[in-house]
Structure formats: C-alpha cells, structure tokens
Amino acid sequence: MFTITLPDGSAREVPQGATPADVALAIGPGLAKAALAARIDGVLVDLATPFAQDCALALVTARDEADALDLARHDYAHVLAEAVQALFPGTQITFGPSTDDGFYYDFAAQRPFTDEDLPAIEGEMRRIIAANKVLRREVVARETLIAQWQAAGESFKAEWAAELPGDEPLTVYHSGDDWFDMCRGPHLPSTGKLDPAAFKLTRVSGAYWRGDQANAMLSRIYGTGWLNKKQLDAHMTRLEEAAKRDHRKLGAEMDLFHLQAEAHGSVFWHPKGYMIWRALEAYMRRRLDAAGYAEVKTPQIMDARQWEQSGHWGKYRENMFVVPDEIPHVSEEGGEDDAPVLSGKADLMAIKPMNCPAHVLIFRQGITSYRELPIRMAEFGCCHRNEPHGALHGLMRVRQFTQDDAHIFVREDQIVGEVADFCDLLDRVYKDLGFPEYAIKLALRPDKRFGSDAMWDWSEQSLRDAVAATGRNTPEWGWEELPGEGAFYAPKLEFHLTDAVGRTWQVGTMQTDTVLPERLDASYIGEDGEKHRPVMLHRAILGSFERFIAILIEHYAGKLPVWLAPVQAVVATIVSDADAYAREVTARLRAAGIRVESDLRNEKINYKVREHSLAKVPHLLVVGKREADEGTVAIRTLGEERQRVMPLAEAIALLRAEATPPDLR
RNA sequence: GCCGCUUUAGCUCAGUCGGUAGAGCACAUCAUUCGUAAUGAUGGGGUCAGAGGUUCGAAUCCUCUAAGCGGCACCA
C-alpha cells in the first residue's frame with residue numbers, strides 16, 4: 001500500500017500497481033475522463049504510471065493549460081508522424097517536438113512534402129484521433145530497439161537510439177498495436193484525447209538533421225495545435241493581426257521605403273520613411289551628446305590587411321564585400337554589356353562590416369593618458385555584410401545597415417561604472433521609444449574564439465559584476481546566462497525588447513573586449529608612466545536603424561507616436577470655400593515646427609478621412625466655412641471617431657506638445 | 001547557402017485543354033462643392049521576372065538564372 005497525497009491535502013491509500021488513472025477514477029468518473037496526465041512529486045508522468053512509493057499526486061487536466069498544451073502538442077506530433085507513414089510508406093521518421101504554438105516533425109521522405117500534401121495528412125491525423133488509439137509506454141533494451149529500427153529501415157532513429165546518452169533505458173510509445181515511436185514521454189492516455197478540430201498543419205520546410213548544415217536535409221511539417229477549436233481560432237486571428245502589422249506591408253502602404261532586386265538587401269528609404277529615421281537619429285544624437293559620447297565618422301572602405309589584423313578577415317571574409325584597389329580596364333570595343341576588366345592582382349579593399357577597427361585607429365592617433373579615459377566614441381556607422389541570401393528579411397535582416405555604434409575605451413576599474421551608466425541610458429531610450437519591458441541576458445564564450453580562457457573568465461565576470469552592481473541580474477529583468485552565444489572576441493550582454501504583441505527582439509548589446517585592443521595595439525599611458533591596454537566596450541542601443549524602425553512599425557502597427565510620425569498632421573478642406581484658411585492653418589503649423597501637409601483636393605471629406613487614416617496620420621485637421629469664420633479647427637485623432645473643435649492657437653499648442661521628442665519635454 | 005512555394009498593369013489578383021491578356025484599386029481628363037473611413041463617367045497603361053528549349057502556336061509545358069515568400073543553417 002502507498003499513501004498518495006492530493007493537492008487539497010487529503011490522502012488516499014492505494015494498492016501496489018495502482019496508477020494515477022485509478023486514483024482519478026476513484027475520485028469520480030468526470031475526473032477520470034478529464035485527466036490527461038499526472039504530476040507525481042512534481043514530475044509530469046503518464047496516467048498509467050504505477051506508483052512506486054508514497055507520493056504527492058496532482059492530476060493534470062485541460063485546466064492546467066501549460067502542461068495540457070505541451071502534452072497535446074507532443075501527441076499531435078506523434079499523430080502527424082503516424083499519419084505520414086500511413087500515407088507515404090517508406091518515409092523515415094526522425095524527431096518531432098512541441099513548439100510555442102504547436103508542433104513539427106522532421107521526415108526523411110522519398111520526395112520533400114509540399115503544401116498540397118497537407119490536407120490529406122490532416123485527414124489521416126483526424127482518422128487516427130477518431131480511432132482513439134491507446135498510447136502505451138514500453139521500456140525497451142537499447143540494443144533491441146536499435147535492431148528494431150534498423151530492421152524497419154529507420155536509420156535516423158537507429159542512429160539517435162545509439163547516441164542517446166547514459167544508461168537510462170529507452171522508452172517507446174505504442175499507438176494502438178500497429179505503430180510506435182521512440183520517446184521519453186509523457187503522453188496522453190490515447191489519441192482520442194486530442195481535439196480533431198484544434199490543430200492545423202501550417203507549412204512545410206526543409207530542416208537539417210540535428211540542426212547541422214553538414215547533415216542531410218529533412219522535410220519538416222509544421223502544425224499549430226491547441227486544446228480546442230476556440231483556442232485554435234484565436235491563434236489564427238492573432239496570426240492575421242500580426243500579419244497586418246508586418247513592416248513590409250505597412251512600409252509599402254505608408255510609402256516609407258522599398259526594396260528591389262537590383263539592390264536586394266539594401267533599402268530605398270522614401271521621404272516619409274527617412275523622416276522617421278531622421279527623427280530617431282536626431283533623438284539618439286541628443287541622448288549620446290548628453291551622455292558624454294563624442295561622435296565620429298570613419299571610412300567605408302579600408303585595405304583588407306587592416307581586416308586581417310583585426311581578425312575579421314580570417315573569420316568573416318566570406319561575408320565581406322571586397323573590391324580590388326585598381327581602375328578597371330575597359331575593352332576598346334566598348335559594347336554596352338562589356339564587364340570591366342580586372343587584373344586579379346590588385347590589393348584588396350573591404351567595405352566595412354563593422355566600425356570597431358576604425359575607432360581603434362582613431363584612438364591610436366597620438367598618445368592617450370589614463371586621465372582621458374573613458375573615451376566614448378560614437379558613430380552612426382553604415383556597414384555592409386554579405387549575408388546568406390536566404391537570411392534576408394525586409395528591414396530586419398539586410399546587407400547594408402546603419403548601427404548606433406559606440407566604443408568606450410576604459411581602464412579595468414571603470415567597467416562597472418560604464419556598464420551601469422549604459423544600462424541607465426538604454427533604459428531611458430527604450431522607455432522613450434515605448435518599450436518599458438525588456439530583458440537582459442549574458443552571452444558566454446563560444447567554442448570558436450580568440451583569447452585565453454583566463455581572459456574570458458575575467459571578461460565574463462566583469463559583465464556579471466557590472467550588471468549585479470545595477471541590481472538588474474534578477475529574474476524580473478529576465479536575467480539569464482546563455483552558454484556559447486557570445487561573440488568570438490568577447491562575451492556580450494544582450495538586451496531583448498518585448499513588443500506590443502509579446503514578441504521579443506534582441507536589439508541592445510554591450511561587450512567587454514580585450515582582444516581587439518591587443519590585436520590592434522591600442523594603449524594608454526597609466527599613472528605609473530607605463531603603457532597599458534584599455535578595455536574596449538562595444539555597445540549599441542538600437543542595434544541598427546533599419547531593424548529598429550521595422551520593430552517600431554510593428555510595435556505600433558504603423559501608428560507611430562506623433563514625434564516619430566513622418567507626417568504629424570494633415571489639414572483637409574471640406575469644400576473649396578475654406579482653401580485660403582486651410583493654407584493659413586498649414587503655414588501656421590509649419591511655422592510651429594509641425595510636419596504638416598494640406599489636402600485641398602476636390603474630394604469628399606469621407607474620402608480624405610479614409611485616405612489619411614489609412615496612411616496613419618496622427619491628426620487630421622478638418623476645416624470648413626464654419627472653422628474659417630471662427631478661427632478654429634476640427635481635430636480628428638487617428639483611432640478615434642469623435643472630433644474636437646478648438647481655436648487654432650490651442651490646436652497648435654496641443655500638436656507642438658505631442659510632436660516634441662520625449663527628451664525635450 | 002539548403003528545402004518547398006511564388007513571380008501577369010504602379011498595387012492586389014483572375015486567366016480552364018497550349019490558340020495571341022482581364023478586373024478592382026491607383027493614375028489622367030471631365031463633371032460634381034459635398035461636414036468626418038471610398039462621387040460618377042471616360043481614358044491611358046502589360047516583351048506575362050530574365051534567358052534558352054519543345055511546338056504550327058507558349059503567360060500556360062521543360063531547363064537554367066535572378067528575386068520574393070515560409071522555414072533550416074548563418075547572424076562579428
């Protein structure tokens with residue numbers, strides 16, 4: 001007999017061999033039906049797991065949403081695999097976990113799956129769910145299982161089984177009597193616990209076996225899975241809403257920028273988009289000026305040898321744009337399609353992929369005293385990186401981008417103070433831009449790196465200490481350490497914003513680098529009259545203007561705060577009798593520093609309201625004969641239907657207040 | 001770079017069996033002077049992504065190239 005303690009504190013005696021399912025049934029048939037899994041002493045297990053000792057038991061039902069969702073998604077993945085093998089004999093199964101919104105499964109298929117295959121697979125999955133097949137756990141000896149997989153032609157499973165670590169016995173889950181997969185579990189008691197209307201296969205894609213480019217390309221099927229149809233529908237609605245705020249779509253609709261094949265990965269900023277950029281850059285420049293940074297501008301192209309010395313050539317040259325330092329010879333015939341003729345012998349120059357070496361070169365000019373440190377050198381640096389083509393994505397991942405970059409040259413004893421000041425500055429900026437919520441993480445040394453272990457120990461600890469000194473190394477700040485995620489020359493603090501729809505974006509960074517000052521021989525004269533190496537702090541708050549503006553557009557769904565909006569107000573007439581007054585209003589607003597346009601077109605006011613609303617203009621000032629006579633304007637604010645009629649002077653004051661950047665209020 | 005899909009007017013898209021290209025919006029012109037999310041009429045506009053092939057004939061079938069989209073890998 002075992003004593004089972006339930007969450008309400010009550011205890012039950014159960015015989016040897018009893019399971020959580022038995023306890024559920026003893027409590028009531030309703031609970032037995034609702035139970036999906038169990039937690040024994042906090043560990044999630046199958047309902048059919050026999051008790052091994054006295055323990056605390058909590059039955060998991062759909063009310064325990066996090067557990068229930070994860071179980072369901074995991075089961076959907078198995079049902080997907082079973083369905084695919086039923087429809088496509090000869091397809092090997094590999095691996096299929098739950099995800100944040102569903103599940104996927106990777107297959108080694110005869111041919112890659114396409115979207116057209118999905119409806120049939122969904123249908124087969126529903127048949128498996130309707131059949132309510134019992135999911136039964138079995139412990140199998142490793143060698144037996146490997147032999148079984150090999151016999152079944154499942155080479156990926158066999159490889160995986162052979163490499164699973166430790167001596168733990170391997171478990172398989174049977175679906176009915178005719179299918180099984182290797183899995184740690186736990187699982188629902190049967191496929192019938194899944195809601196056949198609560199999942200949807202969403203897309204297919206390629207994926208490398210074990211996530212390694214050197215391995216085989218598998219065919220992955222993604223699905224989204226929920227506990228019921230209502231949740232699924234809500235999820236699909238969320239996806240539609242997210243698609244509406246996609247910066248690529250809004251960028252076109254609002255006429256902010258465009259991309260085209262001839263310069264793929266580089267942005268054509270249109271006047272309105274560039275106005276956002278200018279407002280953001282001007283704001284950042286004021287913040288940096290106030291924080292004691294000195295702005296510089298450095299060369300776009302430098303001799304490749306400079307990049308060899310910095311170490312970037314060895315590690316990243318395949319992603320650098322390289323140009324020969326020679327004047328190309330053009331053939332005499334001079335046809336229009338003649339390519340320039342290059343000798344192939346010229347020295348190479350590279351377009352800068354980053355600003356750091358150039359900043360060190362400025363630092364190295366002349367002799368620096370310890371008294372001058374810290375030196376905070378900022379640059380809105382335009383960089384080029386030849387990214388893998390499949391990586392490009394709107395403004396989020398581009399080949400030409402401008403960083404809000406800065407390097408702070410410090411003595412070791414100044415690091416904590418500088419990092420703390422940086423955290424405060426970044427906090428201020430994120431709040432000003434509408435992101436009060438963000439997380440801080442520490443990315444630790446990667447496998448491939450420069451510098452000694454002692455150096456890494458020291459620089460990782462310096463960041464840890466610095467954040468601890470600000471009191472931000474706590475769970476509330478999302479603090480965690482990420483092994484292997486650091487840059488090759490330095491560990492980095494990562495700052496992750498949370499946007500309006502809950503997505504996170506890594507934007508800010510702070511790195512303590514001792515490698516580059518060494519490689520490029522940067523030094524200062526210390527109190528002792530000797531040369532010392534400064535530490536170089538690489539830091540950015542926005543990351544890149546391109547990507548940050550994309551995040552702003554999506555965060556605000558295009559409805560930017562007035563101070564960032566490219567057009568802050570439009571003065572629209574109802575009929576032509578107010579044209580003169582509208583011109584006057586526009587001129588007065590413009591004189592007050594408002595980015596204003598007028599719309600005197602011979603169009604109905606309904607049409608104008610619609611058009612400027614879709615263009616996300618924050619304020620529409622409608623003027624007719626009445627307003628002209630009274631010297632007022634009727635303000636309609638984006639997202640509202642009511643209008644406020646007020647004297648022009650009052651309207652100007654209101655708009656000026658809203659149009660003032662947060663640091664100037 | 002890898003897997004899959006896509007590419008037709010400025011934009012969003014239709015185009016059946018291979019028979020010579022169509023809509024809405026936008027734009028232009030004209031009419032309309034209207035009070036808060038689309039006024040009406042008329043008109044101009046396309047080497048069907050590019051190159052090659054099959055065919056009497058290609059937007060349509062095949063091959064290659066490029067870009068875009070969804071993932072994977074990468075992201076100093």
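Just so it is clear: chains get the letters A, B, ... in the order the sequence lines come, proteins before strands, and each one is counted from 1. Treat the numbers as computed from the prediction; the structure is a model and nothing was measured.
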Checking ring-ring contact (aromatic ring centres under 6.0 Å, His included) for the pair A/Phe113/A/Phe88: CA distance, chi angles, key distance, verdict?
CA-CA 10 Å; A/Phe113 296 114; A/Phe88 302 91; 5.1 Å; yes
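Within the 4.0 angstrom heavy-atom criterion, no nucleotide atom of any strand lies near A/Glu611. Nucleic acid contact class of A/Ser219 (heavy atoms, under 4.0 Å, all strands): none. Using a 4.0 Å heavy-atom cutoff across all strands shown, A/Ala391 reaches at least one base atom of the nucleic acid. Using a 4.0 Å heavy-atom criterion, one finds that A/Gly311 contacts no nucleic acid atom at all. The residue A/Lys315 sits apart from the nucleic acid: no heavy atom pair falls under 4.0 Å. In this structure, A/Asn319 reaches the bases: a heavy-atom distance under 4.0 Å links it to at least one base atom across the strands shown. If you check every strand for non-hydrogen atoms under 4.0 Å, A/His538 touches nothing. Note on A/Pro353: a base of the nucleic acid sits closer than 4.0 angstrom, heavy atoms only. Contacts of A/Leu218 with the nucleic acid, taken as non-hydrogen atoms under 4.0 Å apart, are absent. At a threshold of 4.0 angstrom between heavy atoms, the contacts of A/Lys625 include nucleobase atoms, whether or not backbone atoms are also involved.
For A/Asn606, a side-chain nitrogen or oxygen approaches OP1 or OP2 of B/A37 to under 4.0 Å. Listed pair A/Tyr222 / B/C72 meets the phosphate criterion, a side-chain N or O lying under 4.0 Å from OP1 or OP2. Here A/Lys492 reaches the OP1 or OP2 of B/A76: one of its side-chain N or O atoms lies under 4.0 Å away. Phosphate proximity of B/G70 to A/Arg248: present, with a side-chain N or O under 4.0 Å from OP1 or OP2. Dashed line: the shortest gap from a side-chain N or O of A/Tyr607 to OP1 or OP2 of B/A26 is under 4.0 Å. Considering only side-chain N and O atoms, A/His389 lies under 4.0 angstrom from the phosphate OP1 or OP2 of B/G1.
Of the residues near RNA chain B, A/Arg397 and A/Gly265, the one whose nearest nucleotide (by heavy atom distance) lies more toward the 5' end is A/Gly265. Nearest-nucleotide mapping onto RNA chain B: of A/Gly624 and A/Tyr489, the residue sitting toward the 5' end is A/Gly624.
Aromatic rings of A/Phe495 and A/Phe422 (six-membered ring for Trp) have centroids within the 6.0 Å cut-off, being under it.
Going from the P atom of B/U6 to that of B/C17 covers 16 Å, rounded to whole Å. Taking atom C1' on both B/C48 and B/A14, the two are 13 Å apart, rounded to the nearest angstrom. Separating the C1' atom of B/U12 from that of B/C27 is a span of 16 Å, rounded to the nearest Å. Taking atom P on both nucleotides, B/A21 is separated from B/A37 by 42 Å, rounded to a whole Å. Here the separation of B/C2 from B/C11, taken at their P atoms, is 28 Å to the nearest Å. Going from the P atom of B/C56 to that of B/G50 covers 24 Å, rounded to whole Å. Separation of the C1' atoms belonging to B/C30 and B/C69 is 42 Å when rounded to the nearest angstrom. For the C1' atoms, the distance from B/G40 to B/G4 is 47 Å, rounded to whole Å.
Not a single donor-acceptor pair, N or O on each side, falls under 3.5 Å between the base of B/C72 and the side chain of A/Arg210. Interface remark: the A/Tyr208 side chain does form a donor-acceptor pair with the B/G1 base, using a distance-only criterion of under 3.5 Å.
In this structure, A/His312 and A/Met320 approach most closely via the heavy-atom pair O-SD, 4.2 Å.
Among B/G35, B/A38, B/G71, the nucleotide with an atom closest to any side-chain atom of A/Ser205 is B/G71. Closest to the side chain of A/Ile574, out of B/G71, B/A73, B/G35, is B/G35. Across B/G68, B/G70, B/C34, the shortest atom-to-atom separation from the side chain of A/His393 is found for B/G70. Nearest nucleotide to the side chain of A/Arg610, out of B/G71, B/G4, B/A38: B/A38. Of the candidate nucleotides B/G35, B/A37, B/A76, B/A37 has the atom nearest to the side chain of A/Ser613. Closest approach to the A/Ser576 side chain among B/U33, B/C74, B/A76 is made by B/U33 (side chain taken as heavy atoms from C-beta onward). Listed nucleotides B/A67, B/A76, B/G71 differ in distance to A/His264; the shortest reach to its side chain belongs to B/A67.
Contact of the A/Arg399 side chain with the A/His384 side chain is not registered, since no non-hydrogen atoms from C-beta on lie closer than 4.5 Å. Considering only heavy atoms from C-beta on, A/Met284 stays 4.5 Å or farther from A/Phe548 through its side chain. Residues A/Leu426 and A/Tyr438 have side chains in contact (heavy-atom distance under 4.5 Å, counting atoms from C-beta outward). Put simply, the side chain of A/Leu392 reaches to within 4.5 Å of the side chain of A/Glu387, judged on heavy atoms. Between A/Trp313 and A/Val322 there is a side-chain heavy-atom pair separated by less than 4.5 Å.
Considering A/Glu480, A/Glu494, A/Glu481 in turn, A/Glu480 is the only one that fulfils the side-chain hydrogen bond (donor to acceptor under 3.5 Å, both in side chains) rule with A/Lys441. Residue A/Asp513 is tested with A/His407, A/Arg519, A/His538 for a side-chain hydrogen bond (donor to acceptor under 3.5 Å, both in side chains); the sole match is A/His538.
Following rounding to the nearest Å, A/Asn215 (CG) and B/C2 (P) show an atom-to-atom distance of 16 Å. Following rounding to the nearest Å, A/Arg203 (CZ) and B/G4 (P) show an atom-to-atom distance of 17 Å. A straight line from CZ of A/Arg220 to P of B/A73 spans 7 Å, rounded to a whole angstrom. Residue A/Glu116 contributes atom CD, which lies 12 Å from atom C1' of B/U6 at whole-angstrom precision.
In terms of modelled atom types and a separation under 3.5 Å, the side chain of A/Glu122 and the main chain of A/Leu201 share a donor-acceptor contact. A donor-acceptor contact shorter than 3.5 Å is absent between the side chain of A/Glu460 and the backbone of A/Leu444.
No salt bridge links A/Lys492 with A/Glu485; every basic N to acidic carboxylate O contact stays at or beyond 4.0 Å. Using a cutoff of 4.0 Å between basic side-chain nitrogens and carboxylate oxygens, A/Arg601 and A/Asp599 are scored as salt-bridged.
Residues of residues 626-642 of chain A that place a heavy atom closer than 4.0 Å to RNA chain B, in numerical order, are A/Arg626, A/Glu627, A/Ala634, A/Arg636.
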Strictly under 4.0 angstrom, non-hydrogen atoms only: write out the protein contact profile of nucleotides 10-15 of chain B, one letter per nucleotide from the 5' end, B, S or -.
------
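A glycosidic torsion no more than 90° from 0 defines the syn conformation; B/C61 lies beyond that range and is anti.
Put simply, A/Tyr316 rests on the base of B/A76: the two rings are less than 5.5 Å apart at their centres and nearly parallel, under 30°.
Looking at RNA chain B, the stems built from 3 or more consecutive Watson-Crick or G-U wobble pairs, each pair with its key distances under 3.5 Å, are B:1-7 with B:66-72, B:10-13 with B:22-25, B:27-31 with B:39-43, B:49-53 with B:61-65.
The aromatic rings of A/Phe103 and A/Phe199 are tilted relative to each other, their planes meeting at an angle between 30° and 60°.
Side-chain contact, A/Thr586 with A/Glu597: no donor N or O sits under 3.5 Å from an acceptor N or O.
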